[in-house]
Amino acid sequence: MAFFQDLISGNNYPADGCFEFKSSDHIRYQNGTDVSGHNFNCHRTVKIEKNVSGNKGYTVTILNDDGAHPLWGNNVQMSAKPMEVISKTATQVVLRGYGYDQRALMMGVPSSDASFACYGLTINISSGTIESCVLHMYDRGVDLAYFK
């Protein structure tokens, strides 16, 4: 419970732990426009945990609960991204990625394309519970809103 309280209070140095937001519906927005409508019975988990590298903030991963990907054989929808809280209100916590994907840099990917700052997550809170999460892919103008 301490981890969840740290998360919704905006603490970038949380207690050990993890929180999973289970979603059965999402909407894709491209440059602010709904391009998909509701995707009911499309199960995803937004996993938020204490930074797995021991640094400040959190690690955010999104999992596809409908099954493993046919090529890479796991259910990772979005690989782990380090994020930190950049703002907090009574109804929202906003996280933003920081740092770089070191493996991508070693393969010659430009640092602008390997930056985790291209990702963010808005956590929408009502009465002390998470109602929805929105994944932001800033460099692509894409937002994925995940609902219960």
Side-chain angles (χ1 to χ4, degrees), residues 1-67 69 72 74-104 109-148:
M1 193 60 155
F3 176 84
F4 182 74
Q5 290 304 317
D6 285 344
L7 175 64
I8 65 171
S9 71
N11 183 353
N12 271 320
Y13 297 91
D16 286 337
C18 175
F19 176 79
E20 293 184 346
F21 177 79
K22 300 284 188 176
S23 170
S24 62
D25 176 26
H26 70 268
I27 298 174
R28 180 185 179 97
Y29 297 91
Q30 186 78 38
N31 298 317
T33 301
D34 177 348
V35 296
S36 72
H38 284 277
N39 291 274
F40 296 113
N41 293 314
C42 191
H43 302 93
R44 303 288 185 266
T45 297
V46 178
K47 182 178 180 181
I48 306 166
E49 57 193 316
K50 182 176 179 168
N51 189 303
V52 297
S53 299
N55 298 325
K56 70 179 175 181
Y58 300 85
T59 298
V60 176
T61 308
I62 298 181
L63 306 171
N64 180 341
D65 297 332
D66 291 331
H69 189 279
W72 50 81
N74 62 32
N75 69 335
V76 176
Q77 189 78 26
M78 181 189 79
S79 62
K81 308 283 188 256
M83 296 190 187
E84 63 183 326
V85 175
I86 60 167
S87 70
K88 189 243 176 272
T89 67
T91 59
Q92 282 189 335
V93 176
V94 179
L95 293 96
R96 180 97 188 228
Y98 69 91
Y100 295 91
D101 182 338
Q102 296 301 314
R103 289 178 292 186
V109 172
S111 61
S112 59
D113 293 333
S115 174
F116 292 128
C118 296
Y119 296 89
L121 186 74
T122 298
I123 303 166
N124 296 301
I125 304 163
S126 177
S127 302
T129 62
I130 296 178
E131 295 297 319
S132 66
C133 293
V134 181
L135 172 66
H136 308 286
M137 292 177 274
Y138 299 112
D139 60 333
R140 296 181 241 175
V142 172
D143 296 314
L144 293 168
Y146 296 98
F147 306 99
K148 289 183 179 179

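Being a predicted model, the structure only gives us computed values, none of them experimental.
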Chemist: Are the side chains of F21 and T45 in touch, meaning some heavy atoms are under 4.5 Å apart?
Modeler: no
Chemist: Looking at every non-hydrogen atom in both residues, tell me the closest pair between F147 and H38 and how far apart they are.
Modeler: CE1-CE1, 4.4 Å
Chemist: Closest heavy-atom contact between D6 and A15?
Modeler: OD2-N, 2.7 Å
Chemist: Provide the closest heavy-atom pair for Y138 versus G120 in the form atom of the first, atom of the second, distance.
Modeler: CE1-N, 3.7 Å
Chemist: Are any side-chain N or O atoms of N39 and backbone N or O atoms of G37, one a donor and one an acceptor, separated by less than 3.5 Å?
Modeler: yes
Chemist: Taking the side chain as every heavy atom from C-beta outward, state whether I62 and Y146 have any atom pair closer than 4.5 Å.
Modeler: yes
Chemist: Would you name the heavy atoms of A145 and Y29 that are closest together and state the gap between them?
Modeler: CB-CE1, 4.0 Å
Chemist: Got T91 and N124 here, is their nearest side-chain heavy-atom distance under 4.5 Å?
Modeler: no
Chemist: Okay, side chain of S23, backbone of D25: is any donor-acceptor separation there less than 3.5 Å?
Modeler: yes
Chemist: Assess the pair F4 and F19: is the distance between their ring centroids shorter than 6.0 Å?
Modeler: yes
Chemist: If you take all heavy atoms of C42 and D66, which pair is closest and at what distance?
Modeler: CA-OD2, 3.6 Å
Chemist: May I ask you to test the K56-Y13 pair for a side-chain heavy-atom distance under 4.5 Å?
Modeler: yes
Chemist: Does K81 count as lying over the ring of Y119, i.e. NZ or CZ under 6.0 Å from the six-ring centre, within 45 degrees of the axis?
Modeler: yes
Chemist: Report yes if some heavy atom in the side chain of K148 is under 4.5 Å from a heavy atom in the side chain of K22; otherwise report no.
Modeler: no
Chemist: Do T61 and K47 meet the criterion of a side-chain donor-acceptor pair at a distance under 3.5 Å?
Modeler: no
Chemist: Does the side chain of H136 pick up a donor-acceptor pair with the side chain of T122 at under 3.5 Å?
Modeler: yes
Chemist: Heavy-atom distance under 4.5 Å between the side chains of R28 and V142, does that happen here?
Modeler: yes
Chemist: Answer yes or no: is there a side-chain heavy-atom contact under 4.5 Å between M78 and V60?
Modeler: yes
Chemist: L63 versus V76: any side-chain heavy-atom pair under 4.5 Å?
Modeler: yes
Chemist: What about F3 and Y58, are their ring centers closer than 6.0 Å?
Modeler: yes
Chemist: Nearest heavy-atom pair of N12 and V85: which atoms, and what distance?
Modeler: OD1-N, 2.7 Å
Chemist: Look only at the side chain of R96 and the backbone of A117, and say whether a donor-acceptor pair between them is shorter than 3.5 Å.
Modeler: yes
Chemist: Go through the steps for L144 and V134 under the test side chain to side chain contact (heavy atoms under 4.5 Å, CB included), then give the verdict.
Modeler: CA-CA 5 Å; L144 293 168; V134 181; over 6 Å; no
